[in-house]
S.K.: 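Below are the structure tokens for one structure; questions will follow.
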Amino acid sequence: MGEAPAFFVDNLQNGFSNGFGLKSKGFETFTDVGDKTFVIGGANSDSTSSVGIQIYDKSTGKWVIPTVLGTKPKTCKGHSAILLNEDRIMISIRGSTPDDCIWFLEVDTEYVKEQKKDFGTEVVAWSKGVTGEAEKPVVISGPSGVGKGTLINMLMKEFPSMFGFSVSHTTRAPRGMEKNGVHYHFTERNVMENDIKHGKFLEFASVHGNLYGTSIEAVEAVADSGKRCILDIDVQGARSVRASYLDAVFIFICPPSMRELEERLRARGTETEDQILKRLRNAEAEIEQGESSGIFDYILYNDNLEECYENLMELLGLGGSAPIKQKPLSKINKKMVINCETKEVGNEAKNLIILDVSSLKGGAPGRTRGLNIHAIDLFSDGLNGIRELR
Ligand SMILES: Nc1ncnc2c1ncn2[C@@H]1O[C@H](COP(=O)(O)OP(=O)(O)OP(=O)(O)O)[C@@H](O)[C@H]1O
Ligand SMILES: Nc1nc2c(ncn2[C@@H]2O[C@H](COP(=O)(O)O)[C@@H](O)[C@H]2O)c(=O)[nH]1
């Protein structure tokens, strides 16, 4: 089934100088991508630590500390690493739970190339691997008061295990019933601006005089819960997400008329007169863009709430017709064998699993979906680490 191992983690973890004149603290791995060597790790042998990244540029002979985007693995007692597709390093974390053990460090994906231009530095981006065929996130946009929140609440109530809400950050003040961390992360402007500067947001926009934004972490948290992510964001935000590398379905909710929109906003009773007028002024431009910008895959008219909800369910594949098909972003024809050592009392068992990375979808920013893991029988050749199947 397999040939020579592509990578043996245990051989590298005995503590040695890393070959580039930099003293290794142990637990490091070295992956060559073109002229660069990515040194990942740096935990002490007697403790766990977060996973650090350094790049050795062979063409200049210099070390570079890159800008690191995305949420990185929290702690690491050692790991294996293997290059996939020449653009991302797959990392198997030792001693972590099965749903937290496969991570990807993107080093030359389209997303990373784009970020390098923006930051003007070396950039790498973490993306955790999640198993199964998780569905694309759903972006729902529309003018204030059209009923986005109402429709999303109906969906989440009827399908609580299927959908998860991306909790945005905002600088606006909470309304009476709104809870921090549930409806929004209510934030100071300077804190949010600083986080934006450090690449923590997938998108952000100034909406009706306040700053709103979707953090990468908010989208990742939903993916980690195994649910399909729903984003309630304005048209500017939808445009940014469309331009980003998050592969999503975009739905615009339209009111039956401006008059009806005004009535709904007033009846909701959450805004002052000035704020209502501002939201209505913005609504006209939003509706025009929603209908004609080409950002949105679908437009739904929210006249009768029940009918609109039925149509939304239909679009999301919950109304009896076939679900929306996803196409993979990249094709990586590889299967790996991973050796997970489990120590039982007086006994050392070796559990081998096949990791199928041929159907990966998504990636940074957010999670890498479509990992398939199968348990397999023991090999008798003392295999350690990750090995490629050919
Ligand atoms: N089809 C409908 N017919 C009548 N009223 C509706 C309909 N859909 C929603 N509403 C009502 O309109 C008001 C605004 O709805 P909602 O708060 O869901 O809007 P929203 O688009 O989420 O607004 P915002 O962007 O400001 O958060 C609510 O009081 C809601 O009950
Ligand atoms: N671009 C973004 N827009 C967002 C986000 N979260 C919410 N919104 C939009 O803001 C308006 C106003 O919301 P409200 O709660 O103050 O009524 C509405 O259109 C939301 O869709 C976000 O993260 N990014």
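As the structure lists them, so they are numbered: ligands from 1, and atoms in each ligand from 1.
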S.K.: Using a strict 4.0 Å cut-off to heavy atoms of P143, name the atoms of ligand 1 that fall inside it.
M.R.: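 Here the atoms of ligand 1 in question are 21 (O).
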S.K.: Please work out which of H183, R268, E307, M154 has its closest non-hydrogen atom nearest to atom 17 (O) of ligand 1.
M.R.: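 Looking at heavy atoms only, R268 sits closest to atom 17 (O) of ligand 1.
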S.K.: Report the part of H185 in contact with ligand 2, treating N, CA, C, O as backbone and CB onward as side chain, heavy atoms under 4.0 Å; options are side chain, backbone, both, neither.
M.R.: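 Under 4.0 Å from ligand 2, H185 contributes no heavy atoms.
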S.K.: For the residue pair T71 and K128, establish whether any side-chain heavy-atom pair is separated by less than 4.5 Å.
M.R.: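 They are not in side-chain contact.
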S.K.: Can you name the atoms of ligand 1, numbered from 1 with element, that are less than 4.0 Å from a heavy atom of R279?
M.R.: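 Atoms satisfying the 4.0 Å criterion: 26 (O).
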S.K.: Check this for me: does any side-chain nitrogen of one of K197 and E193 sit under 4.0 Å from a carboxylate oxygen of the other?
M.R.: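 The answer is no: the pair does not qualify as a salt bridge.
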S.K.: Heavy atoms, side chains only, cut-off 4.5 Å: are D108 and E86 in contact?
M.R.: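 The answer is no, as the side chains (C-beta and beyond) never meet within the 4.5 Å cut-off.
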S.K.: Among all protein heavy atoms, pick out the one at the shortest distance from atom 26 (O) of ligand 1; state its residue, atom name and that distance to 0.1 Å.
M.R.: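 The closest one turns out to be S144 OG, 2.6 Å.
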S.K.: Do the non-hydrogen side-chain atoms of W126 and I53 ever get within less than 4.5 Å of each other?
M.R.: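 The answer is yes, as the side chains (C-beta and beyond) meet within the 4.5 Å cut-off.
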S.K.: What I'd like to find out is whether the side chain of M154 reaches to under 4.5 Å of the side chain of L305, using heavy atoms alone.
M.R.: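 SC-SC contact between M154 and L305 confirmed.
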S.K.: Counting heavy atoms only, name the option from I253, I233, T150 that's nearest to atom 30 (C) of ligand 1.
M.R.: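 That would be T150.
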S.K.: Of all heavy-atom pairs between S127 and E106, which one has the smallest distance, and what is that distance?
M.R.: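 That closest heavy-atom pairing would be CB-OE2, 4.2 Å.
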S.K.: Which of the atoms in ligand 2, numbered in the order shown and given with their element, are less than 4.0 Å from a heavy-atom of A205?
M.R.: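 Near A205, the atoms of ligand 2 are 1 (N).
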S.K.: Given V207, D232, L202, which one has a non-hydrogen atom that is nearest to atom 11 (C) of ligand 2?
M.R.: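 Comparing heavy atoms across V207, D232, L202, the nearest one to atom 11 (C) of ligand 2 lies in V207.
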S.K.: Name the closest protein heavy atom to atom 3 (N) of ligand 1, giving the residue it belongs to and the distance to 0.1 Å.
M.R.: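 Checking every protein heavy atom, the shortest distance to atom 3 (N) of ligand 1 gives R264 NH2, 3.4 Å.
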S.K.: Is there a heavy atom in R175 that sits closer than 4.0 Å to ligand 2?
M.R.: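 Checking ligand 2 against R175, which is what was asked, there is a heavy-atom contact under 4.0 Å.
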S.K.: Tell me, which protein residue and heavy-atom name are nearest atom 23 (O) of ligand 2, and how many Å apart are they?
M.R.: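 Result: S168 OG, 2.6 Å.
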S.K.: Hey, does S144 have a side-chain heavy atom less than 4.5 Å from the side chain of R268?
M.R.: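 They are in contact (side-chain heavy atoms under 4.5 Å apart), so the answer is yes.
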S.K.: Quick one: do R369 and E135 make a salt bridge, cutoff under 4.0 Å?
M.R.: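 Salt bridge: no.
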S.K.: Compare all side-chain heavy atoms of P66 with those of T121 and state whether any distance is below 4.5 angstrom.
M.R.: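 No; the side chains remain at least 4.5 Å from each other.
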S.K.: Going by the rule ring-ring contact (aromatic ring centres under 6.0 Å, His included), which residues pair with F159 if we only count those two or more places apart in sequence or in a different chain?
M.R.: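 Testing F159 for ring-ring contact (aromatic ring centres under 6.0 Å, His included), a comparison that skips the adjacent residues, returns none.
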S.K.: Specify the protein heavy atom at minimum distance from atom 15 (O) of ligand 2: its residue, its atom name, and the distance to 0.1 Å.
M.R.: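 Of the protein heavy atoms, Y184 OH, 2.5 Å lies nearest.
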S.K.: Could you list the atoms of ligand 2 found under 4.0 angstrom from a heavy atom of G237?
M.R.: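 Answer, ordered by atom number: 1 (N).
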S.K.: Kindly identify the option in G145, G147, C308, A267 whose heavy atom sits closest to atom 23 (O) of ligand 1.
M.R.: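 Heavy atom nearest to atom 23 (O) of ligand 1 belongs to G145.
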S.K.: Are Q236 and D234 close enough that a side-chain donor and a side-chain acceptor fall under 3.5 Å?
M.R.: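 Side-chain D/A pair, Q236 to D234: present.
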S.K.: Can you tell which part of H169 has a heavy atom less than 4.0 Å from ligand 2: side chain, backbone, both or neither?
M.R.: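 Neither; no heavy atom under 4.0 Å.
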S.K.: Measure the distance from atom 9 (C) of ligand 2 to every protein heavy atom, then report the residue, atom name and distance (to 0.1 Å) of the closest one.
M.R.: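 So the nearest neighbour among protein heavy atoms is D234 N, 3.7 Å.
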S.K.: Taking the minimum heavy-atom distance to atom 8 (N) of ligand 1, which of N153, N302, D303 ranks first?
M.R.: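 Selected option, by shortest heavy-atom distance: N302.
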S.K.: What atoms of ligand 2 come closer than 4.0 angstrom to any heavy atom of R279?
M.R.: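 Checking each atom against R279, I get 12 (C), 14 (P), 16 (O), 17 (O).
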S.K.: Find out whether Q54 and I65 are in side-chain contact, i.e. whether some heavy atom of one side chain is under 4.5 Å from a heavy atom of the other.
M.R.: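 Answer yes - side chains close enough.
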S.K.: Do me a favour and list the nearest non-hydrogen protein atom to atom 19 (O) of ligand 2 with residue, atom name and distance?
M.R.: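 So the nearest neighbour among protein heavy atoms is K148 NZ, 3.6 Å.
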S.K.: Looking only at heavy atoms, is any part of E203 under 4.0 Å from ligand 2, and if so is it the side chain, the backbone, or both, or is it neither?
M.R.: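 Side chain only; the backbone of E203 stays clear of ligand 2.
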S.K.: Going by the atom numbers of ligand 2, which of them fall below 4.0 Å from some non-hydrogen atom of G213?
M.R.: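 Heavy-atom distances to G213 below 4.0 Å select 22 (C), 23 (O), 24 (N).
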S.K.: Is the shortest N/O to N/O distance between G149 and ligand 1 below 3.5 Å?
M.R.: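 Among all N and O atoms of G149, at least one is under 3.5 Å from an N or O of ligand 1.
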S.K.: When you compare the side chain of Q115 with that of T67, does any pair of heavy atoms fall below 4.5 Å?
M.R.: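 In short, these two side chains do not touch, never coming nearer than 4.5 Å.
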S.K.: Salt bridge between D247 and K136, side-chain N to carboxylate O under 4.0 Å?
M.R.: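 Looking at D247 and K136, the cut-off is met.
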S.K.: Please answer whether the main-chain N or O of P143 pairs with a side-chain N or O of K148 as donor and acceptor at a distance below 3.5 Å.
M.R.: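 Flag set: sc K148 to bb P143 pair under 3.5 Å.
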S.K.: Suppose I only count heavy atoms of R172 and a 4.0 Å limit; which atoms of ligand 2 are within that range?
M.R.: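 In order of number, 14 (P), 15 (O), 16 (O).
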S.K.: Among protein heavy atoms, which sits nearest to atom 25 (O) of ligand 1, and what does the distance come to when rounded to 0.1 Å?
M.R.: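 Heavy-atom neighbour on the protein nearest atom 25 (O) of ligand 1: K148 NZ, 2.7 Å.
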S.K.: Of the side chain and backbone of E178, name the one, both, or neither that has a heavy atom under 4.0 Å from an atom of ligand 2.
M.R.: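 The answer is neither; E178 stays 4.0 Å or more away.
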